[in-house]
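To start, the structure itself, in structure tokens.
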Amino acid sequence: MKKFILKRLGLAAISLFLLSLTIFLLIRISGDPAVLLAEPGASAADLEAIRNQFGLNRPLWIQYVSFISHLFRADFGQSFYYRTDVFELYLSRLPASLMLAAAAMVFSLIIGIPTGIVAAVRVNKWQDSIGKIFALLGLSMPSFWVGLVMILFFSVYLGWLPSSGSGTVLHLVMPAIALGWVFAAAHMRLTRSSMLEVLGSEYVKLARLKGLPEALVISKHAFKNALIPVLTLAGVNLVIMVNTAVIVETVFAWPGVGRLLFEGIAFRDFPIVQASILLGGTMIVVVNLVVDILYAVIDPRIRYEG
Amino acid sequence: MTGPLLDIRRLSTHYVSARGTRVTRAVDDITLSLDQGQTLGIVGESGSGKTTLALTLLRMLPPAARIVSGEMLFEGADLLKKSEGEMRRIRGKRIAMILQDPMMSLNPLFTVGDQVAEPIRVHEGAPRRSAWRRATELLKAVRIAAPERRVREYPHQLSGGMRQRIVGAIAISCEPKILIADEPTTSLDLTIQAQYLKLLRDLQRAHNLALIFITHNLGIVAKMCDRVAVMYAGRLVEAGPVKQIYNAPAHPYTQALLESIPRLGDSRKRLTAIDGQPPDPSAPPPGCAFHPRCPKVMDRCRVEAPPEFRVADGQTSRCWLSAPASDRTEVRA
Amino acid sequence: MNGTTANSRFASTVLALPSRLAFLRAEGFPLIPSLILLTIMLVAIFAPVLAPHNPEVGVLGDRFRPPAWQTNGTADHFLGTDHLGRDVLSRLIFGARISVVVGLMVIIVAGAIGTALGIISGYLGRWVDQAIMRITDAWLAMPALMLAIFLAAIVGPGVSNIIIILAAVWWTRYARVIRGEVLSVRERDFVRLAVVAGCSKWTIMRKHILPNVINSAIVLATLQLGQVIIAEAGLSFLGVGVPPPLPAWGLMLADGKKGLMAGYWWLTVLPGSCIMLMVLSANLLGDWLRVKFDPQLRQL
Amino acid sequence: MAGPVLEAKSLTKHFPVKRGILSRQTAVVRAVDDISFSIDPGKTLGVVGESGCGKTTTAKMVLLLEQPTSGIMRFEGQDLQTLDGGTLRAYRRSVQAVFQDPYASLNPRMRVGSIIVEPLVTNESLASAEVRKRLLRLLDLVGLPERSADLFPHEFSGGQRQRIAIARALSLSPKVIVLDEPVSALDVSIRAQILNLLRDLQAQLGVSYLFIAHDLAAVAHMSHTIAVMYLGKIVELGDAETVSKAPKHPYTQALFSAALPSHPDERRDEIILAGEVPSPLAPPSGCRFHPRCPFALPRCSSEEPTLLHESGRLVACHLYPK
């Protein structure tokens with residue numbers, strides 16, 4: 001188990017290194033990095049000052065070392081617009097995003113897992129067809145459009161829910177559904193397919209041959225096995241949610257990291273954009289790591305492989 | 001008890017394609033019987049319907065399959081007339097089955113003890129503790145060393161041979177009357193196969209089990225079985241006592257099959273091969289399904305499927321060559 | 001004599017035609033989704049002929065006109081106008097062009113790169129595999145949309161930029177899936193026998209590996225088409241995709257927000273429905289292909 | 001008299017096992033350990049043994065799919081190690097293979113004709129008419145109709161596919177064909193067809209076989225010489241009749257007693273071995289068979305026996321010479 005965790009940590013470190021290197025190189029090959037790093041409308045003298053500050057004339061690897069050392073000190077620079085430390089700004093926005101992601105995740109699991117199980121158990125029956133249609137619709141509707149249509153319907157026409165902002169539970173309902181919708185469909189599809197696979201397995205056949213009641217076969221032998229890939233996906237999706245929430249947060253003016261990124265783009269506030277990507281990527285790597293380890297805890301086979 | 005333990009009469013199971021246009025007669029008009037403590041071998045090549053027959057016995061067929069006719073009398077009562085709930089109480093308790101791939105038939109997420117104790121708890125309502133004690137004893141019975149430790153382990157911690165034995169332990173956990181083994185040794189090495197066959201025979205003797213061996217291997221039948229039933233394209237082409245059939249096979253398919261196998265001892269003698277390919281089960285040839293490959297084919301075989309004829313005491317054959325001449329009598333028309 | 005041969009050849013061609021098209025009647029073939037996709041393609045090609053108005057020029061006096069069947073609607077603007085008085089129908093028609101071009105280009109470019117890398121990585125193995133897969137993993141660790149936003153933010157919006165960006169993000173999925181397929185194909189005996197027959201690595205990859213993984217790549221591409229279209233719409237919606245005044249569906253949704261609180265539903269509902277229709281059709285077709293080609297790909 | 005067509009001396013293959021982040025080599029799997037054998041022209045060497053005994057690794061080394069860790073292979077008297085590129089290519093052409101699974105050994109995306117002539121086209125530049133001519137001859141040789149060439153593999157049954165695989169292996173007129181479990185995936189009624197075909201082809205073309213199988217009766221039937229392997233070692237090697245009628249090594253005896261009878265009256269001494277085959281990662285000391293051997297002597301656990309002549313064959317066992 002220790003070996004397993006160490007190995008995963010090593011892989012995560014490599015991913016983080018490549019992530020930082022990619023961002024670093026992209027900034028430098030996409031044109032004059034000084035223009036990006038400087039505030040919009042900076043003068044030639046300002047640009048020169050930036051070049052000196054970041055040592056843009058020095059060899060690339062020295063620049064990279066200094067880039068990394070800043071990152072290790074959680075120094076992502078100052079926001080041009082907010083005039084504050086970007087890392088602190090990001091942290092202050094994170095709870096809102098996490099809350100939205102958690103709500104969306106709960107929504108997606110509550111909808112996705114039961115429908116997936118029903119569809120698998122009743123494969124090729126009407127329940128399955130309805131499930132399939134639901135899943136395909138979910139995967140085919142852009143989340144921000146779902147959000148817009150909900151605003152139109154529930155806020156503008158019916159006046160039931162607030163169209164934007166945060167503060168109450170009511171504010172959370174529409175963004176969570178808009179964001180969770182596509183994931184509900186994804187979880188439903190995966191639950192169905194992994195459940196079908198498990199239901200066709202030899203050990204489920206043996207469970208039936210033992211004469212277990214069908215309910216026990218499904219709830220004990222099939223469910224736990226089928227849930228492993230779904231929970232893995234859900235773990236990965238949680239981070240993807242935080243990060244892809246950019247558009248949904250924009251639609252509903254939800255004050256999370258996604259909206260922060262959008263503001264960064266809108267105000268040409270490069271330090272915010274860069275920090276959002278780096279921190280978002282780091283979160284994905286870390287959560288992937290945690291999910292891998294949790295996976296090993298649930299599934300005894302992985303634990304001993306080392 | 002009067003009558004056989006299991007009496008199958010004119011049983012047919014068909015697969016129907018999704019649109020209902022194609023019907024595959026996987027099990028076609030089969031009559032068989034089995035006594036307590038007896039070993040029956042069902043031999044056939046892939047697609048001959050032998051696994052479908054086993055699944056029909058337990059009523060564990062996939063949704064596309066239909067049992068279209070026949071009776072299956074188990075201890076005098078027709079299994080086809082039982083409700084799903086009654087069937088469930090028979091599966092695992094009265095009739096147990098070992099699957100083709102025992103390595104894959106243990107759930108990786110539960111301990112060995114849990115899986116062995118499960119049928120005891122479900123069928124006998126035994127409390128957890130005593131079921132686990134029984135599970136430990138069962139592991140001892142299938143000769144697994146240190147059973148107290150093994151019950152708490154997960155399947156992946158055990159060797160392949162041990163997993164085999166555990167599947168055997170699960171099968172006998174509720175002292176069934178019949179044990180069906182579906183190609184239980186195909187993936188095994190010779191010396192492991194010998195161990196496993198011996199274990200099955202020991203268990204059979206200890207519990208007076210009726211054993212149904214489903215296999216494509218005539219050697220296993222020769223070694224293990226009292227009676228044999230040979231299947232071809234869903235039909236029972238020949239059935240009877242093993243020695244009688246190996247000494248004097250009546251059906252040309254059985255004859256050819258026995259001659260086509262290399263024997264230890266008379267090496268480098270040319271084998272008698274059967275020409276052609278096994279038939280497509282969804283579109284078998286008309287008449288006798290074996291006729292395109294049969295060295296003794298007659299005109300009648302191409303159009304008319306032969307019924308079952310009695311050729312000797314307890315031996316039947318579905319071949320026109322076995323049709324009543326003088327002393328042979330037709331079982332059914 | 002010649003005539004009869006020609007005739008019989010013609011006859012056999014005609015007779016063969018139904019069997020060639022037999023897949024149309026195959027079980028579960030998604031006929032309607034395929035027709036929808038075909039229609040969208042045709043609309044994209046013939047947009048200048050079909051569109052009643054210039055999609056980029058509006059009459060300010062005609063702002064926020066509702067569809068023809070609502071009060072104040074005119075037959076001239078059948079599906080109404082937007083906040084600049086531009087004809088919604090014409091913009092939708094031209095918008096199909098952007099979705100089709102971006103969608104197809106991205107899956108072709110990303111598919112070619114990803115499939116090639118996946119085959120090389122999976123077949124050559126060792127350090128080549130390690131290097132390619134570590135890069136792919138790191139690339140996958142960055143969420144596709146955010147990376148696209150980042151790239152779009154530093155190189156600026158534009159149709160060709162958006163294609164490059166989305167392709168740069170999307171190839172990883174092909175590389176991963178195709179590599180996995182190659183790993184299993186590589187272990188098949190026919191590949192070993194090709195080595196025994198003396199085939200070079202290049203020949204084996206081209207003749208033995210590629211034809212056996214291409215189906216997966218096609219299925220994946222079809223399924224990714226919808227996601228690419230949604231991503232493009234999302235980027236355009238955020239203002240980092242297709243630049244205005246081009247009539248991209250995502251951009252129309254962003255503009256539609258301006259009339260949202262006033263209840264101008266057509267500006268939101270119509271472009272979104274177009275996206276959904278196209279994505280849904282692509283998904284249905286992809287699903288069918290997946291089941292048809294390889295049931296093992298069910299979890300793509 | 002001509003010497004053996006293929007000869008292996010002290011052939012060894014160890015696979016390193018890598019573990020940990022830095023991929024340190026922590027152990028070796030001794031897949032094949034110091035084995036020697038030879039195959040005469042037109043003859044068959046049968047190799048039997050259970051899974052993990054190293055028979056497939058041996059086949060792979062002969063096919064140059066695996067590089068031996070040490071040892072010498074000689075082809076028609078020439079040491080393969082010292083061969084230059086050209087002669088090595090000649091070796092490749094002379095040694096072909098047929099594998100177990102007829103469904104995996106034919107590329108499903110190629111037509112049968114292209115599959116069969118692929119080795120030919122790869123190695124020789126021939127006019128297409130000549131290729132076609134040879135293709136038809138090969139199809140005829142294995143008993144397949146001419147029109148098979150234009151079909152795809154999925155249109156054939158297992159037995160027919162194995163015929164296609166054999167035709168392909170024959171296309172370069174090789175000296176040796178490695179047959180790795182060529183009939184074990186086939187239906188019982190088809191096996192005899194393929195075994196007969198292989199014997200006929202050997203008689204007709206004078207090709208040598210390295211026949212690998214776990215089915216003892218099939219090996220005894222096909223082979224002139226039999227090598228019995230256990231955990232990477234050859235434990236008994238000799239004339240097929242001699243070995244199969246009166247096996248000497250306790251493992252060979254157990255293996256033959258475990259072989260299934262062909263008739264219910266056929267009774268053999270039942271030797272049931274205890275335990276399973278140990279992992280080749282940590283083979284037992286001394287004689288590798290000693291933990292399962294019913295006749296193990298004290299020295300068996302410490303001293304490794306060598307192959308010695310005994311009653312007309314070679315046996316590696318401390319019980320001999322008596």
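Values below: every heavy atom of this structure, side chains too, minus hydrogens, waters and symmetry copies. Throughout, a chain's letter reflects where its sequence line sits, starting with A, and its residues are numbered from 1.
Applying the ring-ring contact (aromatic ring centres under 6.0 Å, His included) rule to D/Tyr209 yields no partners; only residues at least two apart in sequence or on another chain are considered. When the ring-ring contact (aromatic ring centres under 6.0 Å, His included) test is applied to D/Phe256, no partner is found at least two apart in sequence or on another chain.
Contacts of B/Arg143 with chain D are absent, with no heavy-atom separation under 4.5 Å from either backbone or side chain. For B/Gln193, the part lying under 4.5 angstrom from a heavy atom of chain D is the side chain only. Looking at D/Leu216, both its backbone and its side chain come within 4.5 Å of chain B, counting heavy atoms on both sides. With a 4.5 angstrom heavy-atom cutoff, D/His214 touches chain B only via backbone atoms. Heavy atoms of D/Ile272 lying under 4.5 Å from chain B belong exclusively to its side chain.
Between the CG atom of D/Leu273 and the CG atom of B/Asp189 there is a distance of 11.5 Å, given to the nearest 0.5 Å. Between the CD atom in B/Glu45 and the CD1 atom in D/Ile190 there is a gap of 6.5 Å [rounded to 0.5 Å]. Atom-to-atom distance recorded for D/Glu50:CD and B/Ile192:CD1 is 6.0 Å, nearest 0.5 angstrom. With rounding to the nearest 0.5 Å, the separation of CZ in D/Arg199 from CG in B/Leu271 is 7.0 Å. Rounded to the nearest 0.5 Å, atoms CD1 (B/Ile274) and CD (D/Gln193) are 8.0 Å apart.
Of the listed residues D/Leu255, D/Asp200, D/Asp187, the one with more heavy-atom pairs under 4.5 angstrom with chain B than any other is D/Asp187. Of the residues considered (D/Leu260, D/Val277, D/Ile194), D/Leu260 shows the highest number of contacts with chain B, using heavy-atom pairs under 4.5 Å. Chain B forms more heavy-atom pairs under 4.5 Å with one residue of D/Ser189, D/Ala218, D/Ala258 than with any other, namely D/Ser189.
Annotation: residues 242-260 of chain B contacts chain D through B/Val242, B/Lys243, B/Tyr246, B/Asn247, B/Leu257, B/Ser260 [non-hydrogen atoms, separation under 4.5 Å]. Near-neighbour residues of residues 222-232 of chain B relative to chain D, defined by a heavy atom under 4.5 Å from a heavy atom of that chain, comprise B/Ala222, B/Lys223.
For D/Asp265, the CG atom counts as densely surrounded, since its 6.0 Å shell holds more than 12 non-hydrogen atoms of other residues, nucleotides or ligands. No more than 12 heavy atoms of other residues, nucleotides or ligands shown are found within 6.0 angstrom of CD on D/Glu146.
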